[in-house]
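To start, the structure under review is shown below, and the notes come after it.
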Amino acid sequence: MPLIAAVLLFAVAAGCNKEPEYVPGMSVQGFRASISKILFSPIAFDGATVAVEGIAATVTEVNPDREDAETTFRLVDLNGNFLNVEMSGSWEIADDDYLIVGGIYRKNGNILEAGQFEKIVLEGDDKDQDKEIQKRDNW
């Protein structure tokens, strides 16, 4: 019996020394939800802190040189569903950037008041990239 306990202890200790694998968007806080899930039930998500991923479209900066600068864009999924995103400050976000955005969802105006975001860079050819986006879009 002590031999089994020693083997189990060794196995557990060996597994604890592994470097954790990086997960894209792990630092973005909020309930993970797809855009389509939020749009299907906007009342359930109203006022909730969510983390949503999609592709940035129609990026606009309001007052970029002033203290009250704001960046707005649409976060679009592969089915064409979108959320309007508003973020305080001027950020380097361009159309077609793949992002995970965290913030508070408001059903009035279909707005995500973003507090943080992370750009996701997918490696590989375009076919693999589309498959990875599709897989991640269907949480």
Side-chain angles (χ1 to χ4, degrees):
M1 195 65 155
L3 180 62
I4 294 173
V7 170
L8 287 174
L9 182 62
F10 177 75
V12 170
C16 291
N17 293 330
K18 290 184 179 179
E19 182 72 26
E21 185 177 327
Y22 170 72
V23 176
M26 181 172 57
S27 63
V28 178
Q29 304 209 355
F31 178 77
R32 302 282 183 200
S34 65
I35 294 171
S36 59
K37 192 178 287 189
I38 292 172
L39 294 178
F40 182 73
S41 183
I43 294 173
F45 290 96
D46 190 28
T49 301
V50 295
V52 186
E53 62 182 278
I55 300 167
T58 62
V59 178
T60 307
E61 289 190 25
V62 180
N63 302 326
D65 298 327
R66 294 182 20 192
E67 190 174 307
D68 62 341
E70 184 175 79
T71 302
T72 62
F73 57 93
R74 286 186 171 183
L75 192 65
V76 183
D77 68 10
L78 294 178
N79 297 323
N81 301 314
F82 68 90
L83 299 176
N84 297 309
V85 179
E86 295 178 352
M87 288 183 14
S88 296
S90 183
W91 303 97
E92 292 185 24
I93 298 174
D95 286 354
D96 298 327
D97 279 350
Y98 188 58
L99 307 171
I100 296 180
V101 182
I104 299 172
Y105 176 74
R106 304 286 183 202
K107 72 177 178 79
N108 291 340
N110 188 33
I111 295 173
L112 182 62
E113 297 171 352
Q116 59 185 151
F117 74 96
E118 183 177 331
K119 285 185 187 180
I120 306 299
V121 178
L122 301 173
E123 298 187 19
D125 62 1
D126 289 340
K127 292 178 187 175
D128 291 340
Q129 184 175 8
D130 289 341
K131 287 179 187 174
E132 181 66 18
I133 291 172
Q134 182 66 44
K135 181 178 79 177
R136 295 172 52 86
D137 192 43
N138 294 323
W139 289 352

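Sequential numbering from 1 along the given sequence is applied to the chain's residues.
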If you group Ile, Leu, Val, Met, Phe, Trp and Tyr by side-chain heavy-atom gaps below 4.5 Å, do Val59 and Leu112 land in one group?
yes

With a 4.5 Å cut-off on side-chain heavy-atom distances among I, L, V, M, F, W and Y, is there a chain of contacts connecting Ile111 to Leu75?
no

Answer yes or no: is there a donor N or O on one side and an acceptor on the other, between the side chain of Asp97 and the main chain of Lys119, under 3.5 Å?
no

When Leu83, Thr60, Asp95, Leu99 are each screened for side chain to side chain contact (heavy atoms under 4.5 Å, CB included) with Phe73, the one that passes is Leu99

Does any N or O in the side chain of Ser90 come within less than 3.5 Å of the main-chain N or O of Thr71, such that one atom is a donor and the other an acceptor?
no

Do Ile93 and Met87 come within less than 4.5 Å of each other through their side chains, counting heavy atoms only?
yes

Quick one: does Asn79's side chain have a donor or acceptor within less than 3.5 Å of a partner on Asn81's backbone?
no

Val52 and Asp77: side-chain contact (heavy atoms from CB on, under 4.5 Å), yes or no, with the steps?
CA-CA 10 Å; Val52 186; Asp77 68 10; over 6 Å; no

For side-chain contact (heavy atoms from CB on, under 4.5 Å), just list the numbers for Val85 and Arg74, CA-CA rounded to whole Å, side-chain angles, deciding distance to a tenth of an Å, and then say yes or no.
CA-CA 6 Å; Val85 179; Arg74 286 186 171 183; over 6 Å; no

If you group Ile, Leu, Val, Met, Phe, Trp and Tyr by side-chain heavy-atom gaps below 4.5 Å, do Val101 and Ile104 land in one group?
no

What verdict does the side-chain contact (heavy atoms from CB on, under 4.5 Å) test give for Asp96 and Ile55, after you've listed the backbone C-alpha separation in whole Å, the side-chain angles of each residue and the deciding distance to 0.1 Å?
CA-CA 5 Å; Asp96 298 327; Ile55 300 167; 4.2 Å; yes

Leu78 side, atom CG; Ser34 side, atom OG - distance, nearest 0.5 Å
11.5 Å

Contacts of type salt bridge (Lys or Arg N to Asp or Glu O under 4.0 Å), residue Arg106, not counting sequence neighbours
Glu113

Plane angle bin for Phe31 and Phe45 - parallel if under 30°, tilted between 30 and 60°, otherwise perpendicular:
tilted

As a quick check of understanding, evaluate side-chain contact (heavy atoms from CB on, under 4.5 Å) for Thr49 and Tyr105, giving each step before the final call.
CA-CA 7 Å; Thr49 301; Tyr105 176 74; over 6 Å; no

Looking only at non-hydrogen atoms, find the nearest pair between Ala51 and Arg32 and report the distance.
CB-NH1, 3.1 Å

Given 3.5 Å as the limit, does a donor-acceptor pair link the side chain of Glu70 with the main chain of Glu86, or not?
no

Donor-acceptor contact present, side-chain Asp46 to main-chain Asn108, <3.5 Å:
no

Do Phe82 and Tyr98 sit in one hydrophobic cluster, given that two such residues count as connected whenever their side-chain heavy atoms are within less than 4.5 Å of each other, even indirectly?
no

